[in-house]
Peer 1: 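Input: one structure, supplied below.
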Amino acid sequence: MKKLFLVICGIMFLNSCEKNDGKQTNVENRKPDTLAIPNQEKNIISKTENVDYCYLNVLAKDSMFMTYKVIDGIVNGKLKYKNFEKDSSSGEITGTISADTLKVNYKFVSEGVTSEREIYFLQDSGVLLEGIGNYADNNSGKLVYQSSKTINYSKGRRLNPIDCKSVK
């Protein structure tokens, strides 16, 4: 009886599998999705004036929140790193947008000390990728990247766009 049951289950399983007739669907000739955004446009950061832009990254117990507005072509806003077991920081950002890159100067307070550093964010499909790179030793008190060509965007945090009303 057990063997008969297993044979029947096996036959049912084989019949339920999707049959592949060896034909491949040609996706090259299909109509484009009407909601698709061309690659050139989806990675360009919007410069729409007087609009609040908000981004958030949460990783375990650490978070990063950025909000900014573009006024007369200049980016102004706030950035906050809230870390669980490390120093957190909070401050103002000012900068510019260059196609797919948001280049800001971050003036912040951490542990009672005011500091300044340059941060670049690369937009990829609506998500901002924080740039990680070596900073030059220029004794100016402001950290700037040694070279914009060596910034690694795959190691930084991914900031997802959020509705600004949800955090105010």
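Just so you know, residue 1 is the first one in the sequence shown, and it goes up from there.
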Peer 1: Do Ser110 and Phe108 come within less than 4.5 Å of each other through their side chains, counting heavy atoms only?
Peer 2: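 They are in contact (side-chain heavy atoms under 4.5 Å apart), so the answer is yes.
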Peer 1: For the pair Thr67 (side chain) and Tyr53 (backbone), establish whether a donor and an acceptor sit closer than 3.5 Å, ignoring hydrogens and angles.
Peer 2: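 Yes, Thr67 side chain to Tyr53 backbone: donor-acceptor pair under 3.5 Å.
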Peer 1: Out of curiosity, does Val144 fall in the hydrophobic cluster containing Ile132 (side-chain heavy atoms, cut-off under 4.5 Å, transitive links)?
Peer 2: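 Each belongs to a different hydrophobic cluster.
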Peer 1: Check whether any side-chain N or O of Glu130 sits under 3.5 Å from a backbone N or O of Leu159 as a donor-acceptor pair, and report yes or no.
Peer 2: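 A pair under 3.5 Å: no.
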Peer 1: According to salt bridge (Lys or Arg N to Asp or Glu O under 4.0 Å), who are the partners of Glu116, at least two apart in sequence or on a separate chain?
Peer 2: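 Testing Glu116 for salt bridge (Lys or Arg N to Asp or Glu O under 4.0 Å), a comparison that skips the adjacent residues, returns none.
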Peer 1: How far does OG of Ser88 sit from NZ of Lys80, to the nearest 0.5 angstrom?
Peer 2: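 Going from the OG atom of Ser88 to the NZ atom of Lys80 covers 7.5 Å.
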Peer 1: Checking side chain to side chain contact (heavy atoms under 4.5 Å, CB included) for the pair Leu79/Ile119: CA distance, chi angles, key distance, verdict?
Peer 2: CA-CA 11 Å; Leu79 178 60; Ile119 306 175; 3.8 Å; yes
Peer 1: What class does the angle between the rings of Tyr106 and Tyr81 fall in, given that below 30° is parallel, 30 to 60° is tilted and above 60° is perpendicular?
Peer 2: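 Answer is tilted, since the angle falls between 30° and 60°.
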Peer 1: Counting only heavy atoms from other residues, nucleotides and ligands, does the tally under 6.0 Å from CZ of Arg158 exceed 12?
Peer 2: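 No, CZ of Arg158 has 12 or fewer neighbouring heavy atoms, counting only those of other groups under 6.0 Å.
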Peer 1: With sequence neighbours left out, write down each residue that passes salt bridge (Lys or Arg N to Asp or Glu O under 4.0 Å) with Lys69, or none if nothing qualifies.
Peer 2: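 Lys69 satisfies salt bridge (Lys or Arg N to Asp or Glu O under 4.0 Å) with Asp52 only.
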Peer 1: Are any side-chain N or O atoms of Asn83 and backbone N or O atoms of Glu85, one a donor and one an acceptor, separated by less than 3.5 Å?
Peer 2: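 Not at all, since once roles are kept as given, no pair shorter than 3.5 Å links the two residues.
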Peer 1: At what distance, to the nearest 0.5 angstrom, does CD1 of Ile71 lie from CG of Asn50?
Peer 2: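 Reported value, rounded in 0.5 Å steps: 5.0 Å.
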Peer 1: Please step through side chain to side chain contact (heavy atoms under 4.5 Å, CB included) for the pair Met64 and Lys82, ending with a clear verdict.
Peer 2: CA-CA 6 Å; Met64 178 180 179; Lys82 188 169 175 48; over 6 Å; no
Peer 1: Give, for atom CZ of Phe65 and atom OG of Ser90, the distance between the pair rounded to the nearest 0.5 Å.
Peer 2: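 So the gap between those two atoms works out to 10.5 Å.
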Peer 1: Quick one: does Phe121's side chain get under 4.5 Å of Met66's, heavy atoms only?
Peer 2: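 Sidechains of Met66 and Phe121: in contact.
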Peer 1: Tyr145 and Tyr120: which non-hydrogen atoms are nearest, and at how many Å?
Peer 2: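 Minimum heavy-atom contact is OH-N, 3.3 Å.
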Peer 1: Rounded to the nearest 0.5 Å, what separation is found between the CG atom of Asp62 and the CZ atom of Phe84?
Peer 2: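 One gets 8.5 Å once the value is rounded to the nearest 0.5 Å.
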Peer 1: Is there a side chain to side chain contact (heavy atoms under 4.5 Å, CB included) between Asn152 and Thr150? Walk through the geometry before answering.
Peer 2: CA-CA 6 Å; Asn152 186 331; Thr150 60; over 6 Å; no
Peer 1: Which residues satisfy the salt bridge (Lys or Arg N to Asp or Glu O under 4.0 Å) test with Lys142, sequence neighbours excluded?
Peer 2: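 Lys142: no salt bridge (Lys or Arg N to Asp or Glu O under 4.0 Å) contacts found.
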Peer 1: What distance do Asn134 atom CG and Ile151 atom CD1 have between them, rounded to the nearest 0.5 Å?
Peer 2: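 Answer rounded to 0.5 Å: 10.0 Å.
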Peer 1: Given 3.5 Å as the limit, does a donor-acceptor pair link the side chain of Ser63 with the main chain of Asn57, or not?
Peer 2: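 Here the side-chain-to-backbone pair does not exist.
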Peer 1: Treating Ile, Leu, Val, Met, Phe, Trp and Tyr as nodes and any side-chain heavy-atom pair under 4.5 angstrom as an edge, say whether Val51 and Ile93 lie in one connected cluster.
Peer 2: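 Cluster IDs for Val51 and Ile93 match.
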Peer 1: So does Lys103 pair up with Glu118, basic N to acidic O under 4.0 Å?
Peer 2: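 Salt bridge absent between Lys103 and Glu118.
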Peer 1: Any side-chain heavy-atom pair from Ile44 and Asp100 closer than 4.5 angstrom?
Peer 2: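 Contact flag for Ile44/Asp100 side chains = no.
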Peer 1: NZ of Lys47 to CG of Leu102: how many Å apart, nearest 0.5 Å?
Peer 2: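 Reported to 0.5 Å precision, the distance equals 11.0 Å.
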Peer 1: Please step through side chain to side chain contact (heavy atoms under 4.5 Å, CB included) for the pair Ile97 and Val70, ending with a clear verdict.
Peer 2: CA-CA 9 Å; Ile97 295 172; Val70 179; 3.9 Å; yes
Peer 1: Distance-only, no hydrogens or angles: does the Asp72 side chain make a donor-acceptor pair with backbone N or O of Ile74 under 3.5 Å?
Peer 2: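 Side chain of Asp72 to backbone of Ile74, a donor-acceptor pair under 3.5 Å: no, none is there.
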